[in-house]
Amino acid sequence: MCPSPTFFLRFSAIALLAVAVFVSAPPAQAAPQYGWGGGPVRVIGNDPGGRLKPRFEEIRRMRARGDRVEIRGSYCLSACTLYLGAGNVCVSPATRFGFHGPSYLSDPISSERFDYWSRRMAQHYPPQVSSWFLTRARYVTRGYMSLSGAELIRMGVPRC
């Protein structure tokens, strides 16, 4: 049985409409990469650290925006490790993290200031890392106490 001419007309009209919609649609573009809270993805790596106060402020802004933070690269030292408290964070198992306690470059630090800044730093770490830092790494004031990203993952930090 052969379809009627009206069948062909209806089929042609539907096909033409589908082609028109497809052709008039804007081309697909790659969506920008955003983290869980709507902020951008920040990749941190090979960061030697720096001063605490500016790093605390940067991390506060990142958390407020909802940035996703991926710590990758060969190393993340000193104040870089504070990014572990930036909210939506993951680490590469191969990255080496260097932790040490607070110190002043030229003057000795009083025990009260040492305790204050140690606890302030520990607030930026996940619970297991914070406990480890407060009992061990904060007492290192020359050089670093090192953990791999794989060790941090075993301590509860998500893997990238």
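Quick caveat, the model's predicted, so the values are computed rather than measured.
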Would you say the side chains of T141 and H100 form a donor-acceptor pair under 3.5 Å? no

I'd like a table of donor-acceptor pairs (distance under 3.5 Å, sequence neighbours excluded) in which one partner is a side-chain atom from residues 40-52, with atom names and distances.
{"from": "R42", "atom 1": "NH2", "to": "E58", "atom 2": "OE2", "distance (Å)": "3.2"}
{"from": "N46", "atom 1": "OD1", "to": "S74", "atom 2": "N", "distance (Å)": "2.7"}
{"from": "N46", "atom 1": "OD1", "to": "Y75", "atom 2": "N", "distance (Å)": "3.3"}
{"from": "D47", "atom 1": "OD1", "to": "G49", "atom 2": "N", "distance (Å)": "2.7"}
{"from": "D47", "atom 1": "OD2", "to": "R55", "atom 2": "NH1", "distance (Å)": "3.0"}

For R113, all residues meeting side-chain hydrogen bond (donor to acceptor under 3.5 Å, both in side chains), sequence neighbours excluded: none

Begin from the C-alpha positions of C76 and R96 and carry the test side chain to side chain contact (heavy atoms under 4.5 Å, CB included) through to its verdict. CA-CA 6 Å; C76 174; R96 296 298 305 172; over 6 Å; no

Got a donor-acceptor contact below 3.5 angstrom from the [X] side chain to the [Y] backbone?
{"X": "T81", "Y": "S78", "value": "yes"}
{"X": "S118", "Y": "F114", "value": "yes"}
{"X": "E151", "Y": "S148", "value": "yes"}

Measuring only between side-chain heavy atoms, which start at C-beta, is M62 closer than 4.5 Å to Y83? yes

Just checking, R120 and F56: is the charged tip under 6.0 Å from the six-membered ring centre and within 45° of the axis? yes

Derivation of the side chain to side chain contact (heavy atoms under 4.5 Å, CB included) call for V89 and R68: CA-CA 6 Å; V89 178; R68 172 162 175 77; over 6 Å; no

For the CZ atom on R61, are there more than 12 heavy atoms of other groups (residues, nucleotides or ligands in this structure) within a distance under 6.0 Å? yes

If you take the centroid of each ring, where Trp contributes its six-membered ring, are W132 and Y125 closer together than 6.0 Å? no

